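Lettering follows sequence order; numbering is per chain, from 1. Since the model is a prediction, treat every value here as computed from it, not as a measurement. Note: hydrogens, waters and symmetry copies are ignored here, and every other heavy atom, side chains too, is used.
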Amino acid sequence: MDTNAIEKKWSSRWKDAGVFEVDPRPDKEKRYLTAAFPYPNSPQHIGHARTYTTADIYARYLRLKGYHVLFPMAFHVTGTPILAMAKRIAAKDKNVLDVFENIYKIPPEIGASLTDPKDLVTYFSKEIEEGMKEMGFSMDWRRKFYTYDSKFNKFIQWQFHKLKELGYLIKGEYPIAWCESDGNALSAHDTKGDVDPELEEVTVIKFKVSDGRYLVVTTYRPETVYGVTNIWINPEAEYVKIKYKEETLILAKKAAEVLKLQMGYELLGEISAEEILEMNPKNPATGDAVPVFKASFVAPETGTGVVMSVPAHAPFDYLALRDLGKAEMDMPQVIELSGYSNNPAKDAVEKFKVKNQDDPSGELATKEIYTKEAHGGVMVVGKYKGEKVAEAKLKVAADLKAENKAFEIITIANGPVFCRCGSPAVVNVMDDQWFIDYGIPEWKEKAKKCLDKMEIIPEKTRGEFEYTIGWLKTRPTSRSSGLGTKFPFDETKMIEALSDSTLYMSYYTISHLLDEVDASSMDNKFFDYVFLGKGDGNEKLDKLRESFLYWYPVDSRHSAGDLVRNHLTLYIFNHVGIYEEPQWPKQIVTNGFVTMEGSKMSKSMGNIMPLRFAISEYGADVIRFAVVCGADLASDSDFNKSVADGVRSRLGFISKLIEGSINEGKAHGRPEKWIHSRLNRKIERAGKLYDKLQIRHLALEIFYDVVTDLQWYLKRTKEPNLHDFFEKWIIMIAPFMPHYCEEYWEMLGHKPFITFEPFPQADLSKIDESIERGEETILQVHEDIEKISKLIGKKPESVSVFVASNWKRKLIEIAIAEKSFEGTMKAAAAEKMPMKDVTRITKQIMKNVHSLVKPVSQKDEFDALKDAEQFLSDEFECKVTVLTEEEGKHPKAGNSLPKKPSIVLE
RNA sequence: GCAGGAAUAACAAAGCGGUCAAAUGUGAUGGGUUUAGGACCCAUUGGCUUAGUGCCUUCGAAGGUUCGAAUCCUUCUUCCUGCACCA
């Protein structure tokens, strides 16, 4: 069979018949599925396909179960990455163009032409859409939209009006990494080396020099303020005076430059290091005046460029004092640390043999002391004496701030970070930043309540959702640049990318019905009516509202697991905030990633396999399988060539069988009963596995195992008849490999589409335990003959098989009941069994008496083996005779046990 | 550091109190088929034994509970992911 031809044939038939384009049908129960929409700044690779394939398998399963299923798709273009990428293409950035050409195989002239964000979006979204269609995803493409569409913008603005009405939207200050020369915010896409600037709060403590004049130090350890012996400045650096909140602060010039934007101070002028060294500032915690000393380790661009010295707890402070010849001075202890003296810093310096403050091993000493004190230290002075350092740290800082003896500044923790333009990133505090306040308790309660009622697949991720709901607080939602929707209450701002993808599933329910509607008429009243039923409607609006009410709520939301901590939890919040309970989400399904031949896919490793390339290489049905079946839903699934080849060859095996099996076969013996018993058992289990999306388990059960069963069946029977088997099996597996199954279905003489056939019902009457156990015994005997034959090193001329007597079966039942050697022996004696054999057998079976199962009767076992007599004879090319133990004259005949017939080779 | 997840044979990955020397797939080895290659089929793939149904040692490490543990409990070790504005 020609894979590509089959896949093309069926995808165009689906398209022509519009089978996935669905509208409300009140006569049918609906299921509404959505999967996270893609971000079209590059083509998709096989990793992206996992979530969509999982969702599609589920969608197709639900159709077989008789539901009316909607599975829509759209494109998310919000935010800065697409803009940044277009800019980089315009600048002929080699990295971007190389990735396009070498990894995604985009013709270089096309790649280089995508300098307009819209062209970029158009090109890649087209590419992605084609790939999804080729994969056979059963999506309703009429509903497609882009998040920068003006109508969608209206919807998002409405969402934000709702959030504001609810009091969830607040305005405030927010620090961000900033480029002064470009005048905009910096995220990872905008920095050299794609570094994500990490912001961190640092405490600034004010040491009073005179009234209104302070020397300001930065510290991560405010609790050590009680042990300050002096202040450090770098004599090589320049220092300045600034006016900040009506006070004069003294700090390093370079530090002041970095802090300028966030503090908004007035520069008063320079001040010489000598002048500072003369000062005797007062420790705000103790009131003691301390001297100012010189130290080379102080970096003028870090913090304030002024440092407080706590020699008992900071190895560098101790070292600098020792370098000045002051090692013997009094060094007050603040923290007690078991295993250390009253000067842990000194202990650590000696332990690591640090020479002076310029010796790099000082870092090691510092790290050890900081870590240990932070977690194991106990305060020995001050207001929080006796408390743990971890707690005292926060309390001391809070007290100092409350008394206006300290304040917080924000620094770039992983700095220095540079903008692509070359200038260093600084911290800017936006005072007109909008937030969504996910910290509001009633809102959290609702989210919790929704979560409690939701199905979470895999269930073990539920804890992560609970954790995220608990931990979310105010979240910035406006940005100064990017594609998407303008912020309705400040049109100079854009709505941030994660905030416009939390309620959009509602929009799919009407997005294909808006052709006649003008964007300007889509105001708050419009959406209030359509989605909330508030206000007055009309015929047109009613149609939209009906569609929404029919499809909502979302029955299953699919995404990769990394979105639990943000998108998926925000999705819950926004739904419970804006909608009533009947519209709340019902289920969330998350999956792991896809690795490539054992390692993570990455651009730098060049091991990304573009989806459309993979499809042309292996065919969509094979890729669907390979991408989804390699691991449990939650864990990463590995894509490798050998697995894909394995799937392909099994598919070939099955195709051949179906081609050959259609008009055949009259056999109706044990093998037929067996394979139908196996099939019906699988049908019975498959439904539950599909419901829980146990995809890997399903694949093993209804694909790999089935191939193995078929191979055994073909061995066991001369005239195979698999027509009835395939009639059911094809439907059951169709969600995995829809193209092939449609083709098979047609080959079996049915009209399309298998897509809407009812999922097979398990015929429980065909599940035959004794037939299956019989077949197991045959397999066992087959193996045993082989083993023995190998051991004696020759092919047998004849084989006799002796089936154990019924009294032995009875004996096992007794053992199961008695569970003890003595008890079994007694009961056996009462039954007048041959005690010599009983002793031997009982000894043997007592070892695993707790796991014995009731044996089948001698007759059942004999019948099974007798039926296979010819088969075994053919297999071993000699006469195989099956006899009962009683009929056997050979001395070994008596060795037989239930399920373990005695075998004699001659 | 905090929070979550995980550790199983050559590799990947099931199993989550007894039927477990441990499914399945891949790889490897041998054999069959084939002009050759590929594909396909069969067998073997912890050790030792044995004309098969036996014994021993294994499921990150150490302890514990139990008649019985890969599975439950405790401690430890290692690895992964996230810790916020980034889609």
Side-chain angles (χ1 to χ4, degrees), chain A residues 36 38-39 41 76-82 174 176-177 185 187-189 194 196-199 370-371 374-375 390 433 435-436 438 460-461 463-464 466-468 470-479 482 496-499 501 561-567 592-593 595 597-598 600 629-632 634-638 640-643 645-650 652-653 656 696-697 699-701 703-705 708 711 714-715 780-781 783-794 796 819-820 844 847-853 875 892 895-905:
Chain A
Y39 191 80
N41 68 341
H76 192 217
V77 300
T78 310
T80 52
I82 284 173
Y174 196 70
I176 50 172
S187 67
H189 315 285
D194 286 338
D196 196 16
E198 290 166 27
L199 304 185
Y370 281 23
T371 311
H375 299 284
Q433 173 72 51
F435 300 86
I436 300 178
Y438 292 109
K460 69 178 171 191
T461 50
E464 220 175 312
E466 283 168 357
Y467 176 77
T468 309
W471 154 98
L472 272 175
K473 42 191 190 205
T474 53
R475 184 171 217 289
T477 188
S478 62
R479 297 275 275 139
E496 170 274 336
L498 276 171
S499 302
S501 55
D562 59 333
L563 298 187
V564 170
R565 285 180 176 81
N566 43 52
H567 164 75
F593 297 112
T595 55
E597 303 286 349
K600 205 171 173 173
C629 300
D632 279 345
S635 39
D636 290 356
S637 171
D638 190 49
N640 56 66
K641 197 178 173 316
S642 48
V643 166
D645 285 339
V647 173
R648 180 155 60 185
S649 80
R650 282 177 179 78
F653 168 74
K656 266 189 203 151
R696 183 186 162 78
H697 199 132
L700 288 178
E701 183 107 340
F703 186 64
Y704 288 100
D705 272 5
T708 311
Q711 282 169 351
L714 292 175
K715 258 181 152 175
Q780 182 72 53
V781 167
E783 268 175 27
D784 286 348
I785 295 175
E786 207 150 51
K787 263 190 200 165
I788 299 168
S789 159
K790 190 167 274 181
L791 275 169
I792 60 173
K794 67 170 179 116
K819 301 234 185 291
S820 76
Q844 234 181 77
K847 274 177 290 190
N848 49 1
V849 66
H850 290 275
S851 58
L852 288 175
V853 283
E875 283 284 302
K892 277 188 182 287
N895 289 349
S896 61
L897 286 173
K899 229 199 145 187
K900 285 283 176 195
S902 174
I903 297 165
V904 176
L905 269 63

(request) Can you measure from CG (A/L563) to CG (A/L498) and round to the nearest 0.5 angstrom? (result) 8.0 Å
(request) List the steps and the verdict of side chain to side chain contact (heavy atoms under 4.5 Å, CB included) for A/F653 and A/L714. (result) CA-CA 12 Å; A/F653 168 74; A/L714 292 175; 4.0 Å; yes
(message) When the C1' atoms of B/U24 and B/G30 are compared, how many Å lie between them, rounded to an integer?
(response) 22 Å
(message) Measuring only the P atom in each nucleotide, how far is B/A28 from B/G38? A whole number of Å is fine.
(response) 11 Å
(request) Report the residue (A/L700 or A/D638) whose heavy-atom-nearest nucleotide on RNA chain B is the more 5′ of the two. (result) A/D638
(message) Is any side-chain heavy atom of A/P901 closer than 4.5 Å to one of A/V781?
(response) yes
(request) Go ahead and name the base partner of B/U53; Watson-Crick or wobble counts if both distances stay under 3.5 Å, otherwise write none. (result) none
(request) Please report, rounded to the nearest Å, how far the C1' atom of B/G15 is from the CZ atom of A/R696. (result) 11 Å
(message) Within this structure, what is the CD1-CG distance for the pair A/I82 and A/N41, rounded to the nearest 0.5 Å?
(response) 5.5 Å
(request) Sequence neighbours left out, what passes salt bridge (charged side-chain N to carboxylate O under 4.0 Å, His left out) with A/R650? Give chain and number order. (result) none
(request) Determine which nucleotide pairs with B/A87, using a 3.5 Å limit on both distances of a Watson-Crick or G-U wobble pair. (result) none
(request) For A/L714 and B/C40, give me the distance from atom CG to atom P, rounded to whole Å. (result) 16 Å
(request) Check A/Q433 against A/P476 and note the closest heavy-atom contact, atom names and distance. (result) NE2-CB, 3.4 Å
(request) Ignoring hydrogens and angles, tell me if any N or O in the side chain of A/H567 forms a donor-acceptor pair with the backbone of A/D562 under 3.5 Å. (result) no
(request) Ignoring hydrogens and angles, state whether a donor on the side chain of A/T595 or A/D636 is under 3.5 Å from an acceptor on the partner side chain. (result) no
(request) Sort out the partner of B/A13 for me: Watson-Crick or G-U wobble, both distances under 3.5 Å, none otherwise. (result) none
(message) By the 4.0 Å heavy-atom rule, please label A/S896 as base, sugar-phosphate, or nothing.
(response) nothing
(request) Output the single nucleotide from B/U24, B/A87, B/C42 whose closest atom is nearest the side chain of A/Y39. (result) B/A87
(message) Using OP1 and OP2 only, check whether a side-chain N or O of A/T80 sits under 4.0 Å from B/A87.
(response) yes
(message) To the closest 0.5 Å, what do you measure between NZ (A/K473) and CD1 (A/I436)?
(response) 16.0 Å
Just the table, please: protein N/O against nucleotides 5-10 of chain B N/O, every pair under 3.5 Å.
unit_1	atom_1	unit_2	atom_2	d
B/A6	OP1	A/K460	NZ	3.3

(request) Using the C1' atom as the reference point in each nucleotide, state the distance between B/A23 and B/A12 in Å, no decimals. (result) 14 Å
(request) Sort out the partner of B/A6 for me: Watson-Crick or G-U wobble, both distances under 3.5 Å, none otherwise. (result) B/U78
(request) In whole angstrom, give me the gap between the P atoms of B/A70 and B/G63. (result) 15 Å
(message) Nearest whole Å is fine: how far is B/G38 P from A/F653 CZ?
(response) 22 Å
(message) So, OP1 or OP2 of B/C41: does either fall under 4.0 Å of a side-chain N or O from A/Q711?
(response) yes
(request) Under a 3.5 Å limit for both distances, which nucleotide forms a Watson-Crick or G-U wobble pair with B/A23, could you say? (result) none
(message) Quick check for you: to the nearest 0.5 Å, what is the distance between A/E496 atom CD and A/T78 atom OG1?
(response) 9.0 Å
(request) Give the rounded distance in Å between these two atoms: NZ of A/K715 and P of B/C40. (result) 17 Å
Polar atom pairs between nucleotides 26-28 of chain B and protein, under 3.5 Å, N or O only, would you list them?
unit_1	atom_1	unit_2	atom_2	d
B/U26	O2'	A/S642	OG	3.1

(request) Of all the heavy-atom pairs spanning A/C629 and A/A699, show the shortest one and how long it is. (result) SG-CB, 3.4 Å
(request) For nucleotides B/G1 and B/C76, find the distance between their P atoms and express it as a whole number of Å. (result) 13 Å
(message) Measuring only the P atom in each nucleotide, how far is B/A69 from B/C55? A whole number of Å is fine.
(response) 16 Å
N/O to N/O distances under 3.5 Å, protein versus nucleotides 30-33 of chain B:
none

(request) Using both distances under 3.5 Å as the test, list the Watson-Crick or G-U wobble partner of B/U71, or none. (result) none
(message) As an exercise, state the distance from CG of A/L472 to CZ of A/R565, rounded to the nearest 0.5 Å.
(response) 11.5 Å
(request) For B/G15 and B/A9, measure between their C1' atoms and round to the nearest Å. (result) 14 Å
(message) If I take atom CG in residue A/L563 and atom C1' in nucleotide B/C86, what distance separates them, rounded to the nearest angstrom?
(response) 11 Å
(request) Determine the minimum heavy-atom distance between A/S896 and A/S902, stating which atoms define it. (result) CB-N, 3.3 Å
(request) Ignoring the backbone of A/V904, work out which of B/C42, B/A51, B/C86 is nearest its side chain. (result) B/A51
(request) Starting at atom CD1 of A/I785, determine the distance to atom P of B/A43, rounded to an integer number of angstrom. (result) 14 Å
Collect all protein-nucleotide pairs involving nucleotides 79-85 of chain B in which both atoms are nitrogen or oxygen and the distance is under 3.5 Å.
unit_1	atom_1	unit_2	atom_2	d
B/G82	O2'	A/R565	NE	3.1
B/A84	N6	A/K473	NZ	3.2
B/C85	O2	A/R475	NH1	3.0
B/C85	N4	A/Y174	OH	3.1

(request) Remember a base hit wins even if backbone is also touched, and classify A/P901 as base, sugar-phosphate or nothing at under 4.0 Å, heavy atoms. (result) base
(message) When both hydrogen-bonding distances must be under 3.5 Å and the geometry is Watson-Crick or G-U wobble, what is B/G37 paired with, if anything?
(response) none
(message) If I take atom CG in residue A/D784 and atom P in nucleotide B/G54, what distance separates them, rounded to the nearest angstrom?
(response) 11 Å
(message) What I'd like to find out is whether the side chain of A/F435 reaches to under 4.5 Å of the side chain of A/R475, using heavy atoms alone.
(response) no
(message) Measuring from atom CZ of A/R696 to atom OG of A/S635, what distance do you get when rounded to the nearest 0.5 angstrom?
(response) 8.0 Å
(request) Would you mind telling me which residue lines up with the more 5' stretch of RNA chain B, A/G463 or A/A631, judged by nearest nucleotide? (result) A/G463
(request) Look through every strand shown and name the nucleotide pairing with B/U29 as Watson-Crick or G-U wobble, where both distances are under 3.5 Å. (result) B/A43
(message) Can you confirm whether A/N640 sits close enough to A/V643 that some side-chain heavy atom of one is under 4.5 Å from a side-chain heavy atom of the other?
(response) yes
(message) What is the distance, to the nearest angstrom, from the CD1 atom on A/I788 to the C1' atom on B/A51?
(response) 5 Å
(request) Using the P atom as the reference point in each nucleotide, state the distance between B/A13 and B/A62 in Å, no decimals. (result) 24 Å
(message) According to ring-ring contact (aromatic ring centres under 6.0 Å, His included), who are the partners of A/F593, at least two apart in sequence or on a separate chain?
(response) none
(message) Students often get this wrong, so: under 4.0 angstrom with heavy atoms, is A/H76 touching a base, only sugar-phosphate, or nothing?
(response) sugar-phosphate
